[in-house]
Protein chains: 4
Amino acid sequence: MSSRRSARIPAKECELKTPGRKRCILTQRCILEKTLELLEENGYAELTIEGIAARAGVGKTTIYRWWPNKAGVVMDAFLSSTSHKIPFLDTGSVREDIRLHMRRFVKVLNSPAGRAIAALIAGGRMDEVLAESFRSGFLSARRSEAKQVLLRGIERGEIRADVNPEVALDTLYGPVYFRLMTGHAPLTSGYADAVVETVMPGLAV
Amino acid sequence: MSSRRSARIPAKECELKTPGRKRCILTQRCILEKTLELLEENGYAELTIEGIAARAGVGKTTIYRWWPNKAGVVMDAFLSSTSHKIPFLDTGSVREDIRLHMRRFVKVLNSPAGRAIAALIAGGRMDEVLAESFRSGFLSARRSEAKQVLLRGIERGEIRADVNPEVALDTLYGPVYFRLMTGHAPLTSGYADAVVETVMPGLAV
Amino acid sequence: MSSRRSARIPAKECELKTPGRKRCILTQRCILEKTLELLEENGYAELTIEGIAARAGVGKTTIYRWWPNKAGVVMDAFLSSTSHKIPFLDTGSVREDIRLHMRRFVKVLNSPAGRAIAALIAGGRMDEVLAESFRSGFLSARRSEAKQVLLRGIERGEIRADVNPEVALDTLYGPVYFRLMTGHAPLTSGYADAVVETVMPGLAV
Amino acid sequence: MSSRRSARIPAKECELKTPGRKRCILTQRCILEKTLELLEENGYAELTIEGIAARAGVGKTTIYRWWPNKAGVVMDAFLSSTSHKIPFLDTGSVREDIRLHMRRFVKVLNSPAGRAIAALIAGGRMDEVLAESFRSGFLSARRSEAKQVLLRGIERGEIRADVNPEVALDTLYGPVYFRLMTGHAPLTSGYADAVVETVMPGLAV
DNA sequence: GTATAAACGAGACGGTACGTCAGGTCTTTCT
DNA sequence: AGAAAGACCTGACGTACCGTCTCGTTTATAC
């Protein structure tokens, strides 16, 4: 997703210095930063390439040179930020590990980053490329990490061995995303606890 | 959501009939039908008011007279269709009632109507009015119905009395909406079963 | 110009009174008045039928029932006003008669009525029907009156007999209309005098 | 009138060349040409920006980038054409110079260009900017040229020294514009002669 | 009186053009 | 060669009026 012209040989790998102005790494970073700002301020729909270019003090062309469309920039911008990266702890209790992670996740979702995540999921409904980027760049990494935690629980005998981890993860995190997307009820730490308390007993041995 | 001029006193409440040509009900219906068609054909992003007007053989003004924006029309179009209305049965077993309902719901979500629902949820992220319409016009009705089913289960002694129905519903339907919105894994009847089998044991006495 | 339905038999000529509500003369008058107001306020281009209807508290249909288009209403409105009707005096000197008339005409042109006249002439460039109405309803009456004055001058021996009255009138009033329409220089009483002093010697015996 | 962004420093005055794609002169020319074509075909009222854009194969935005409204484009289109530029000759007789010029002017006014001129004068009644453009871009140049001719006549002793050239010009050309604008009588070469014959004797020594 | 018919207000309706915004491409100039 | 500035075509936006068309109400004859 990072570049539409991925075929090009990156400057670092190619010792033969090519003529011409070098790709300005600061410019890239600036674009991504401003994109994230604007995304959190106004959401995906209000976001425009022209707006990003203006805010970053950059020509539209420069953006189009490196990303295919709005979704591309936004995805890169989101992935380049770190606010949403929440490591799992190993407290000894899987239930506790997941509860703590979900509490922190809920906290992130209530921050501007949450708006960005919702915007990306929503944007995925009108742009399959964006959807795929979100899944491969964000979701799958988090899910495989969480899956490890569940498998650890199975090994330790906390979780029943016949539990399907994919489904189990959905029943834990799905409700959180559901409230994020529809806003039909508040998304609080207490809610994270409640979901864990409702679901985990059914997974335990 | 039915009219941007909600300030007007509806005819039923106000015996003083307003003068002027009456709103042509056929036109309205036609607009909503064509909207649904186009929505299912090309998705929410591709949908344009001009497109709807052209397809329905109607002036753009007529659409803007009654709905504030694209989201409004789409919402009304969706609510006026019946394909997504799935009644709960009473088989005697709450678990079975919900499983059957979820299977049918999954089937609907895989039809064009599912695309519309996803579009509406996504649209709600950029338009709070739309979000609220979706919640009050679609979600809350379905949730209160489902809540009745759960409460019935508690009465019958199938479900633990200390279960929070709101949270329980989220753990059942949240995963389904999660897959609908992110598409990270297929949404099948088997998945509906799996979710029920994962969650229900934790709710049972 | 008064009615689009000129085929109808006017009430006066037809003793058989038709049933039905009679044309409300107050409504008509009100429409014409408000039209004139709006014309003087914003000019012909800004004038809209909807605007007239709103200002007069009248349905659009009522206007379209009696006039074919904007030009029709405006023309009738203008002709029904009297501010622009300036009689010629008979002072004994044709030169003086015309000078006095032109001074008063200039004064009218500097009033809101002048704006209306300019608007009508301008409007005639986009609507030949309006142009023709203006000529037959306004111009020709004034010109034939002025022609009488010139002919009187010829009889009395003040004006050369070989003067073409049409051309002579153009050289007297044309300059005034010219300044009205282009505004390239102010339109004052002194200017009226100057034109008369410039042209009349060439017409005198 | 040439550009709505008159604040910009024109390239000629500013040696620092600005970056960015240069204004495509062919596009401009094409727009103006097609505008003139359409103006002459259907008149000012029928002329639409969309029509011009379509005919010129140009985006509407490109037109709005450089001109504030219809009147602006038309004015530029008119001024960029040369059909209406009629030089004065020096035959030795001022009367003859003016008569010949007026005859040619009348001929132009009977061509499509005349329709454009009338449209511009009419348009000036609803747009003071257009009116001013017309005066400064078209009228004043012609009038100062004509004034020179009259002054030459005074020097030579053909014209009385006490004649006010401004008023004299109005009495000569005003009648022509009058007929152009109202169409109350045909505008022929003979008419040009008649006006000259009526007015000039009063100006001669 | 009671039917009949037209005038009238209100306003819905299918349209056309408006002037604006953003998208994505292309060109020019500077670094 | 990379980057900025910005001109360009495209297409949809939401608005203003157009001129036509129902509606129900009101007002005047005519039976």
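Both backbone and side-chain heavy atoms feed into the values below; hydrogens, waters and symmetry mates do not.
Between the CG atom of D:L47 and the CG atom of D:L36 there is a distance of 10.0 Å, given to the nearest 0.5 Å.
For the pair C:L26 CG and E:dC8 P, the computed distance is 11 Å after rounding to whole Å. Residue A:E46 contributes atom CD, which lies 13 Å from atom P of E:dC21 at whole-angstrom precision. Distance CH2 (A:W67) to C1' (E:dG24): 16 Å, rounded to an integer number of Å. Nucleotide E:dG23 holds its P atom 9 Å from the CD1 atom of A:I63, rounded to whole Å.
Near DNA chain E, defined here as any heavy-atom distance below 4.0 Å, the residues from residues 49-61 of chain C are C:G57, C:V58, C:G59, C:T61, listed numerically.
Residue contacts shown for B:Q28 are limited to sugar-phosphate atoms, with no base heavy atom under 4.0 Å away.
Pairing each heavy atom of A:L130 with each of A:G123, the nearest pair is CD2-C, 3.5 Å. Heavy atoms only, all atoms of each residue included: A:L32 and A:W67 are closest at CD2-CZ2, 3.7 Å.
Of the possible polar contacts, one joining the D:S133 side chain to the D:V129 backbone as a donor-acceptor pair under 3.5 Å is found.
The phosphate of F:dA3 (OP1 or OP2) has a side-chain N or O of A:R65 nearer than 4.0 angstrom. Distances shown here put every side-chain N or O of C:W66 at or beyond 4.0 Å from the OP1 or OP2 atom of E:dA7.
DNA chain E is contacted by both D:K70 and B:I31; B:I31 maps to the nucleotide lying nearer its 5′ end (nearest heavy atom per residue). Heavy-atom distances to DNA chain E give each of C:T27 and A:T48 a nearest nucleotide, and the one nearer the 5′ end belongs to C:T27.
Every side chain to side chain contact (heavy atoms under 4.5 Å, CB included) that A:I49 has, sequence neighbours left out, goes to A:K60, A:I63, A:Y64, A:K70, A:V73.
Among the nucleotides F:dG14, E:dG24, F:dG19, the one closest to the side chain of B:Y64 is F:dG14. For A:T62, taking side-chain heavy atoms from C-beta onward, the closest of the listed nucleotides E:dC13, F:dA3, E:dC8 is F:dA3.
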Output, in order, the C-alpha distance, side-chain angles, deciding distance and verdict of side-chain contact (heavy atoms from CB on, under 4.5 Å) for D:M75 and D:L120.
CA-CA 7 Å; D:M75 191 68 223; D:L120 288 170; 3.8 Å; yes

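Between B:R55 and B:E37, at least one side-chain N (NZ, or NE/NH1/NH2) sits under 4.0 Å from a carboxylate O, which counts as a salt bridge.
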